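On a predicted model such as this, the values are computed, not experimentally measured, just so you know. Chain A is the first sequence line, chain B the second, and so forth, proteins listed ahead of strands; every chain is numbered from 1.
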Amino acid sequence: MPELPEVETTLRGILPSIKQQTIAHVVVRDYRLRWPVPANIHLILRNATIDDLWRRGKYVLFKTASGTIIIHLGMSGRLRILTEPSKANKHDHIDIVFHNEKILRFTDPRRFGAFLWVEGDPHQHALLKHLGIEPLTKNFSGKYLLERARNKKMPVKTFIMDHKVVTGIGNIYAVEALFAASVYPMQPANSLSLTQWNNLAKVIKKILRSAIQRGGTTLKDFLNSDGKPGYFSNQLKVYGRANLPCVKCGSLLKSVKLGQRSTVYCAKCQK
DNA sequence: CAGAATACCTGCGGGC
DNA sequence: TGCCCGCAGGTATTCT
């Protein structure tokens with residue numbers, strides 16, 4: 001479900017309710033996520049204060065005095081704030097109850113998400129250590145991509161979805177960015193020109209910023225922390241539009257599998 | 001070593 | 001109505 005814009009939207013939504021707030025207790029209903037939720041997490045977090053929270057790639061981090069909570073939403077995860085206790089549904093796996101009576105609820109039907117605890121520098125955790133550059137930073141540029149793509153024969157789409165290169169770009173935004181930049185998804189990464197990379201870096205930033213501004217993309221069930229859908233869905237030009245006309249030239253969009261992921265593109269506009 | 005396949009899970013929509 | 005299949009926003013792990 002969530003790519004960078006959806007995670008960012010989620011973070012912004014929950015931040016005002018829980019930053020600097022102290023945890024009263026934690027309820028774990030199902031420990032079976034991507035990795036087991038630490039068995040003693042309720043003891044660790046009791047009376048801990050969330051000093052700060054931020055995003056790294058698609059991870060959300062909550063810092064406390066003794067360590068950091070690492071959360072990943074996987075494909076179907078969601079975080080939201082409840083202002084009063086409410087009956088837990090089937091996939092509501094974790095509640096963090098704060099002294100201010102707000103409740104942070106982690107829901108994840110597919111359980112591909114993660115809820116972990118790390119002491120020390122969270123950025124040295126195995127999951128975060130090798131993450132590449134943040135796309136919404138100045139150093140993310142055509143030059144950076146050109147350098148990283150040297151000797152990489154893989155398709156450019158696979159390359160920009162590699163989080164060791166750049167974090168946060170998933171299937172939707174990869175496909176949209178390639179269309180916006182008129183780049184053929186199967187083009188070998190090491191064959192793009194600096195001009196192409198500059199253009200791609202530019203449209204990636206533009207699309208991610210636009211999506212964040214609109215509250216992310218809702219395909220069927222993404223809701224942000226306020227329970228609102230994301231309004232970027234109606235900006236999608238190619239994702240989910242296989243066999244429909246290209247918005248630029250009218251020819252029918254094609255669809256192929258690339259690394260098991262559906263890849264929609266315009267054969268005429270993307271060369 | 002790179003790159004490709006596999007695995008983890010539930011829910012939904014389409015075809016029969 | 002119900003069953004089976006394929007598909008879904010991710011990514012660590014295993015394989016070749």
In dot-bracket form, how is DNA chain B paired, counting a Watson-Crick or G-U wobble pair only if both its distances are under 3.5 Å and using | for bases paired to another strand? .|||||||.|||||||

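Evaluation of A:Phe112 against the base of C:dT11 yields no stacking contact (centre distance < 5.5 Å, interplanar angle < 30° required).
In the set C:dT11, C:dG9, B:dG3, C:dT11 carries the atom at the smallest distance from any side-chain atom of A:Lys58. Nearest to the side-chain atoms of A:Met75 among the listed nucleotides C:dG10, B:dG3, C:dA12 stands C:dG10.
Side-chain nitrogen and oxygen atoms of A:Tyr173 include none within less than 4.0 Å of the OP1 or OP2 phosphate oxygen of C:dG9. OP1 or OP2 of B:dG11 lies within a sub-4.0 Å distance of a side-chain N or O belonging to A:His91. The side chain of A:His72 places an N or O atom within less than 4.0 Å of a non-bridging phosphate oxygen (OP1 or OP2) of C:dT11. Note on A:Arg261: a side-chain N or O is less than 4.0 Å away from OP1 or OP2 of C:dG9. Phosphate contact (OP1/OP2 of B:dT10, side-chain N/O of A:Lys90, threshold under 4.0 Å): absent.
Remark: C1' of C:dT11 and CG of A:Asn171 are 13 Å apart, rounded to the nearest angstrom. Look at CD1 on A:Ile71: it is 15 Å from P on C:dT11, rounded to the nearest Å. What separates NE2 of A:His130 from C1' of C:dT11 is a distance of 14 Å, to the nearest Å. Atom CG in A:Asn89 sits roughly 15 Å away from atom C1' in B:dT10 (whole-Å rounding). Summarising the geometry, the separation between CE on A:Met154 and C1' on B:dC1 is reported as 12 Å, rounded to the nearest angstrom. The distance from atom CG of A:Asp162 to atom P of C:dA12 is 10 Å, rounded to the nearest whole Å. Straight-line distance from the CE atom of A:Met186 to the P atom of B:dA4: 13 Å, rounded to whole Å. Distance A:Arg111 CZ to B:dA7 P: 17 Å, rounded to the nearest Å.
For the residue pair A:Arg55/A:Tyr59, the side-chain donor-acceptor check at 3.5 Å is not satisfied. No side-chain donor from either of A:Asp30 and A:His91 sits under 3.5 Å from a side-chain acceptor of the other. Defined by atom type and a distance below 3.5 Å, a donor-acceptor pair is missing between the side-chain atoms of A:Ser255 and A:Ser262. In summary, the side chains of A:Tyr173 and A:Thr217 do present a donor paired with an acceptor at a separation below 3.5 Å, with no hydrogens or angles considered. If you check the side chains of A:Arg80 and A:Thr107, you find a donor sitting under 3.5 Å from an acceptor. Under 3.5 Å, the side chains of A:Ser182 and A:Lys271 contain no donor-acceptor pair of N or O atoms. For the residue pair A:Gln187 / A:Gln196, a side-chain donor-acceptor distance below 3.5 Å is found, with atom types taken as modelled.
When the C1' atom is used for both B:dG3 and C:dG9, the distance is 23 Å, rounded to whole Å. Look at the P atom in both C:dT11 and B:dC1: the space between them is 23 Å, to the nearest Å.
As judged by a 4.0 angstrom heavy-atom cut-off over every strand, A:Ser262 is placed among residues touching the sugar-phosphate backbone only. Within the nucleic acid shown, A:Phe159 has no heavy atom closer than 4.0 Å to any nucleic acid atom. Using a 4.0 Å heavy-atom criterion, one finds that A:Lys164 contacts no nucleic acid atom at all.
A:Arg110 contributes a side-chain N or O that forms a donor-acceptor pair with the base of B:dC9 under 3.5 Å.
Judged purely by atom type and a 3.5 angstrom limit, A:Gln270 uses its side chain to pair as donor or acceptor with the backbone of A:Cys266.
Nearer to the 5' terminus of DNA chain B, by closest-nucleotide assignment, is the contact made by A:Gln260 (compared with the other of A:Arg32 and A:Gln260).
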